[in-house]
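Here is how names work: the chains are called A, B, and so on, in the same order as the sequence lines, proteins then strands, and each is numbered from 1.
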Amino acid sequence: MNDTRFDPSQADGRWQKAWDEAQCFRADSASDKPKSYVLEMFPYPSGRIHIGHVRNYTMGDVLARYKKMRGHEVLHPMGWDAFGMPAENAAMEKGVHPGKWTRENIESMKAQLKRLGFALDWSRELATCEPDYYGHEQALFVDLFEAGLVYRKESEVNWDPVDQTVLANEQVIDGKGWRSGAEIEKRKLSQWFLKITDFAPDLLDGLASLDKWPDKVRLMQENWIGRSQGLQFAFDLSTGEKLEVYSTRPDTIYGASFVAVAPDHPVARAYAEGDEGAAEFIAECKRGGTTAATVETATKLGYLTGVKARHPLIADHDLPVFIANFVLMDYGTGAVMGVPGHDQRDFEFAKKYHLPILRVIGASAADADRPLGSGAEPGEGILVNSGPLDGLDVETAKGKVIRRAEADGWGEGKTVWRLRDWGVSRQRYWGTPIPFIHCDSCGIVPVPKDQLPVVLPEDVDFKTPGNPLERHPTWKNVACPQCGAQARRETDTLDTFVDSSWYFLRFASQPADKPFDRHEVAKWLPVEQYIGGIEHAILHLLYARFWTRALARLGQIDFTEPFASLFTQGMVTHETYFRREPDSGRVVYFAPDEVERSGQSAVLKEDGFPVTVGRVVKMSKSKRNVVDPDTIIAQYGADAVRWFMLSDSPPERDLPWSESGIEGCARFVQRVWRLVAEHDPQASGEDADLARKTARIVHDVAETIEALHFNKAVARLYELVSAIEKAKPSADRTSAIEALFPLVAPMMPHLAEEAWQAIGGEGLIAETAWPEIDESLLEDESVTIAVQHKGKLRDTLTAPAGASKDVLEEMALASEKVQRSLDGAPIRKIIVVPDRLVNIVT
RNA sequence: GCGGGUGUGGCGGAAUGGUAGACGCCGGGGACUUAAAAUCCCCUGUCCUCCGGACGUGUGGGUUCGAGUCCCACCACCCGCACCA
């Protein structure tokens with residue numbers, strides 16, 4: 001151990017092997033230590049680990065290793081979210097089977113993760129694409145069906161009329177199919193749904209208990225679930241039918257000037273039968289994709305029908321009925337009343353179709369005749385021009401209208417949720433087969449559990465677009481489990497969000513004959529700390545919460561919230577380098593290793609001419625601003641890469657990758673290593689300042705790791721290393737060095753092991769306890785007091801901690817700098833904050 | 001369009017309403033060396049009449065003895081929007 005440099009290229013692998021052999025990171029559910037379940041969102045096996053994964057898993061790893069040092073039994077597993085579209089795309093493009101492609105990707109990504117030295121329990125590894133995972137998922141799906149939480153209904157998909165296939169939203173670009181270029185249209189298919197709306201109140205109420213989740217995520221989920229209270233009421237139509245509408249602003253009912261229905265509303269369809277223009281308009285609305293962003297950013301269009309709606313409160317007053325492209329069939333009743341004065345969308349619609357814009361709310365009664373100018377006024381106020389409601393505030397008016405409607409029998413107060421049921425059908429091959437059989441006489445029959453798993457057939461082709469299961473020659477054909485007659489398998493597969501809705505249970509317990517063992521699961525769950533990207537703030541996390549609640553309702557588990565604490569980390573970003581081609585104006589991007597960077601500018605290595613240094617954005621293949629984890633591990637070692645992932649940027653914010661930054665980290669690894677040579681067990685003498693600093697930093701690093709403020713832990717460790725370097729040899733300095741290595745062990749585990757061994761530490765540092773400190777060393781003896789005058793800093797004083805206000809005031813006035821600033825002005829007031837500051841007001 | 005977030009030196013950032021810029025990167029100067037690498041030391045927000053002072057946390061207002069932090073309005077960028085994962 002006399003080498004002056006730490007060599008990761010030989011040390012990393014050696015310690016990774018040592019951990020493997022000692023099986024340090026195997027989670028023992030029989031242990032009587034307190035248990036910690038640390039989980040990072042499992043990756044999609046795209047082929048290579050992305051630097052974003054490295055950041056995510058490094059954070060989890062630091063926490064897992066730290067918890068272990070704190071005496072916890074830690075479960076820190078890893079697996080693969082292995083179903084999904086990219087495998088099918090690879091099959092189409094390269095002719096490789098999705099299973100082969102996926103399994104090879106898993107192998108290479110696993111090797112990459114191992115090179116980073118993560119403290120993972122690989123004995124629990126799982127891949128959702130294997131029958132021993134998805135078979136259990138099928139069993140759970142059947143359980144949910146039997147509990148009445150699964151049903152079928154029609155719903156819209158993106159239909160590519162040329163490829164004759166269903167497209168995902170991301171495959172629709174500017175309303176056109178990504179391969180065919182054909183105009184996409186909305187088409188209705190009969191599909192499988194999970195009744196997440198059954199749990200809407202529960203999912204909403206449960207958010208309150210998630211006090212270790214970021215507020216922003218809870219808020220996003222709250223808005224997504226979208227509880228609203230309003231009035232559902234019926235208009236009498238001139239056709240003799242009734243039209244149910246829902247409004248959250250029944251107080252504005254006197255301001256209604258039109259009614260609008262969704263293009264696929266029965267009233268619209270019925271009317272279109274006798275009106276060609278309406279039929280054409282409805283057909284027009286079918287064009288384009290199904291996403292909310294597309295629908296809502298489209299120009300608001302309406303078609304005036306000849307139908308009239310009788311206003312329920314204004315005698316003999318009729319409103320025109322429109323078919324409108326912005327009204328959604330699956331929210332509320334698929335029909336709305338339009339109040340242009342107090343809703344911006346209605347306002348724009350009214351302008352376009354020359355409808356009356358009435359004011360029914362003003363700042364006061366005097367506003368009754370003030371016209372609405374440039375836009376709607378959606379806020380609070382006092383009712384005007386509203387007959388019996390005049391003078392009431394918004395809330396009171398809402399209540400009055402609802403009571404009136406209920407008394408007169410034309411409507412009732414109703415709670416409506418924005419959340420829709422979860423459509424889980426996918427018309428694709430590479431997913432969990434939905435375990436149902438269609439029988440002409442028995443209807444829809446679940447596959448009996450003893451016949452699960454329904455295994456995906458291997459012999460499929462991807463030469464033509466569409467679902468290979470649909471055109472497989474034999475797989476579909478099966479006998480009905482009930483009557484034995486010839487029947488057909490369901491060919492839809494499950495949304496991959498289903499796979500990720502219960503994998504955290506399977507990690508905790510992996511029996512062969514059932515999805516999980518409830519007693520084993522109870523030992524580990526809920527997950528103590530879940531870490532992943534903010535992009536999953538709504539869908540994945542909501543679906544996992546729902547699935548957990550559904551299993552609790554079925555009596556399979558005893559808790560309803562899967563993740564006690566959630567952390568959402570930021571992205572890893574990098575500068576972009578590009579040139580604009582002079583002829584076409586096309587932008588050509590260059591990879592970081594093709595570019596020589598200096599100061600503000602950069603040149604292309606190949607030709608020596610400059611390239612433009614573009615914005616710092618999320619690493620992506622299209623911008624070519626990616627760095628490959630393997631390359632940088634080979635160059636700098638796993639510890640430097642891990643250290644970089646934790647340094648500087650707060651973990652919830654974006655982290656800009658930089659060459660100079662990683663070099664600084666690699667230098668720091670060596671700096672820590674050099675302290676091994678400084679470790680002198682024979683050194684004697686005290687260094688009270690260093691001892692106090694060491695205790696303080698041991699304490700702060702623990703605190704900041706627990707709060708996941710890794711950047712602050714890193715800053716404190718830099719300080720400790722500097723302090724040790726500057727200190728003269730002493731017993732306290734030797735102790736500081738002995739404390740330092742365990743402190744950095746969660747972050748730089750390879751170096752820490754090597755150093756620990758070199759200074760004669762016992763066993764593996766991964767299994768060592770966190771350093772103990774003398775709590776009395778945390779008390780400060782003196783403090784720095786700021787003295788302000790006119791709100792500005794004039795001087796700083798050193799005072800004993802806990803000095804009285806009078807003493808501090810006296811010290812402040814004694815300061816020459818303060819007197820100069822005061823310049824004899826009369827003192828009006830002195831504010832003293834003990835241990836902090838004195839502010840003199842003149 | 002709707003929902004959520006972020007904004008502080010050249011860069012990443014730190015700061016229970018109480019000393020703005022901790023810590024790191026970059027840059028500058030110096031030491032060591034035949035030289036380089038490595039390492040170590042010092043400086044490093046802007047401006048000015050520079051042993052002192054003024055200004056300064058996206059923009060414009062406000063509350064306060066005191067605002068990066070609280071309130072109002074705005075701007076820019078990022079994430080999500082139900083079939084990407």
Remember a base hit wins even if backbone is also touched, and classify [X] as base, sugar-phosphate or nothing at under 4.0 Å, heavy atoms.
{"X": "A:S660", "answer": "sugar-phosphate"}
{"X": "A:P43", "answer": "nothing"}
{"X": "A:R828", "answer": "nothing"}
{"X": "A:R674", "answer": "sugar-phosphate"}
{"X": "A:A293", "answer": "base"}
{"X": "A:V166", "answer": "base"}
{"X": "A:R667", "answer": "sugar-phosphate"}
{"X": "A:G423", "answer": "sugar-phosphate"}
{"X": "A:R218", "answer": "nothing"}
{"X": "A:F497", "answer": "base"}
{"X": "A:T784", "answer": "base"}
{"X": "A:S425", "answer": "base"}
{"X": "A:H536", "answer": "base"}
{"X": "A:N711", "answer": "sugar-phosphate"}

So which nucleotide does [N] pair with, by the Watson-Crick or G-U wobble rule with both distances under 3.5 Å?
{"N": "B:G3", "value": "B:C79"}
{"N": "B:A67", "value": "none"}
{"N": "B:A15", "value": "none"}
{"N": "B:A37", "value": "none"}
{"N": "B:C50", "value": "none"}
{"N": "B:G56", "value": "none"}

When rounded to the nearest Å, what value does the distance between [atom1] atoms of [N] and [M] take?
{"N": "B:U46", "M": "B:G10", "atom1": "C1'", "value": "12 Å"}
{"N": "B:G53", "M": "B:C42", "atom1": "C1'", "value": "25 Å"}
{"N": "B:U39", "M": "B:G24", "atom1": "P", "value": "14 Å"}
{"N": "B:C48", "M": "B:G30", "atom1": "C1'", "value": "29 Å"}
{"N": "B:G45", "M": "B:G68", "atom1": "C1'", "value": "15 Å"}
{"N": "B:A22", "M": "B:A15", "atom1": "P", "value": "12 Å"}
{"N": "B:G58", "M": "B:A14", "atom1": "P", "value": "14 Å"}
{"N": "B:U8", "M": "B:U69", "atom1": "C1'", "value": "12 Å"}

Round to the nearest Å and state the distance from [X] atom [atom1] to [N] atom [atom2].
{"X": "A:L539", "N": "B:C83", "atom1": "CG", "atom2": "P", "result": "7 Å"}
{"X": "A:I538", "N": "B:C2", "atom1": "CD1", "atom2": "C1'", "result": "11 Å"}
{"X": "A:F349", "N": "B:G1", "atom1": "CZ", "atom2": "C1'", "result": "16 Å"}
{"X": "A:E296", "N": "B:C2", "atom1": "CD", "atom2": "C1'", "result": "5 Å"}
{"X": "A:F644", "N": "B:C25", "atom1": "CZ", "atom2": "P", "result": "12 Å"}
{"X": "A:L675", "N": "B:C40", "atom1": "CG", "atom2": "P", "result": "10 Å"}
{"X": "A:H789", "N": "B:G52", "atom1": "NE2", "atom2": "C1'", "result": "17 Å"}
{"X": "A:F710", "N": "B:G24", "atom1": "CZ", "atom2": "P", "result": "20 Å"}

5'-most contact on RNA chain B: A:K817 or A:N169, nearest heavy atom basis?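 This one resolves to A:K817.
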Taking the nucleotide of RNA chain B with the closest heavy atom to each, which residue, A:K300 or A:L419, is nearer the 5' end?
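The residue whose closest nucleotide sits nearer the 5' end is A:K300.
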Short side-chain N/O contact to [N] OP1/OP2 from [X], under 4.0 Å:
{"X": "A:R716", "N": "B:A14", "answer": "no"}
{"X": "A:K792", "N": "B:A54", "answer": "no"}
{"X": "A:R426", "N": "B:C83", "answer": "yes"}
{"X": "A:T496", "N": "B:A85", "answer": "yes"}
{"X": "A:R653", "N": "B:G13", "answer": "yes"}

Listed nucleotide nearest any side-chain atom of [X], set [options]:
{"X": "A:E170", "options": "B:C23, B:C84, B:G4", "result": "B:C84"}
{"X": "A:P656", "options": "B:C79, B:G12, B:U19", "result": "B:G12"}
{"X": "A:R836", "options": "B:A85, B:G4, B:G18", "result": "B:G18"}
{"X": "A:M571", "options": "B:U19, B:C79, B:C84", "result": "B:C79"}
{"X": "A:Q191", "options": "B:G18, B:A85, B:C83", "result": "B:C83"}

hbond_proxy [X] side chain to [N] base (donor-acceptor, 3.5 Å cutoff):
{"X": "A:N223", "N": "B:G3", "result": "no"}
{"X": "A:E659", "N": "B:C25", "result": "no"}
{"X": "A:Q427", "N": "B:C83", "result": "yes"}
{"X": "A:N839", "N": "B:C65", "result": "yes"}

Look at the rings of A:W422 and A:F546 and say which category their plane angle falls in: under 30° parallel, 30 to 60° tilted, over 60° perpendicular.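 The arrangement is perpendicular - the two ring planes meet at more than 60°.
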Check: Only one of A:D492, A:N467, A:D495 clears side-chain hydrogen bond (donor to acceptor under 3.5 Å, both in side chains) with A:R426; which?
Finding: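 With A:R426 as partner, A:D492, A:N467, A:D495 yield a single side-chain hydrogen bond (donor to acceptor under 3.5 Å, both in side chains), made by A:D495.
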Can A:R152 be said to sit on top of A:W192's aromatic six-ring, NZ or CZ under 6.0 Å from centre and within 45° of the ring axis?
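Yes, A:R152 sits over the ring of A:W192.
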Exercise for the section: May I ask you to establish whether A:R418 and A:W224 are in a cation-pi arrangement, using a distance under 6.0 Å from NZ or CZ to the six-membered ring centre and at most 45° from the ring axis? Expected result: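 Geometry flag: set, cation within 6.0 Å and 45°.
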Next on the checklist: Test salt bridge (charged side-chain N to carboxylate O under 4.0 Å, His left out) on A:K351 and A:E348; report intermediate values, then the result.
Outcome noted: CA-CA 5 Å; A:K351 280 272 181 199; A:E348 281 157 25; over 6 Å; no
Next item on the list: Tell me whether B:G30 sits syn or anti, counting syn as a glycosidic angle within 90° of 0.
Entry: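 You should classify B:G30 as anti.
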Margin query: Using every non-hydrogen atom in the two residues, find where A:M59 and A:P651 come nearest and quote the distance to one decimal.
Written below: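 For A:M59 and A:P651, the tightest heavy-atom pair comes out as CE-CB, 3.4 Å.
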**Request:** Could you pull out the closest heavy-atom pair between A:A537 and A:M220, with the gap in Å?
**Result:**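 A:A537 and A:M220 have their closest heavy atoms at CB-CE, 3.9 Å.
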Worksheet item: Is the backbone of A:T197 close enough, under 3.5 Å, to the side chain of A:D421 for a donor and an acceptor to pair up by distance?
Response: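 Yes, A:D421 side chain to A:T197 backbone: donor-acceptor pair under 3.5 Å.
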Requested in this report: Please answer whether the main-chain N or O of A:L167 pairs with a side-chain N or O of A:N158 as donor and acceptor at a distance below 3.5 Å.
Outcome: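 Yes, A:N158 side chain to A:L167 backbone: donor-acceptor pair under 3.5 Å.
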Do A:F644 and A:Y636 have ring centres separated by under 6.0 Å?
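No, they do not, as the ring centres are separated by 6.0 Å or more.
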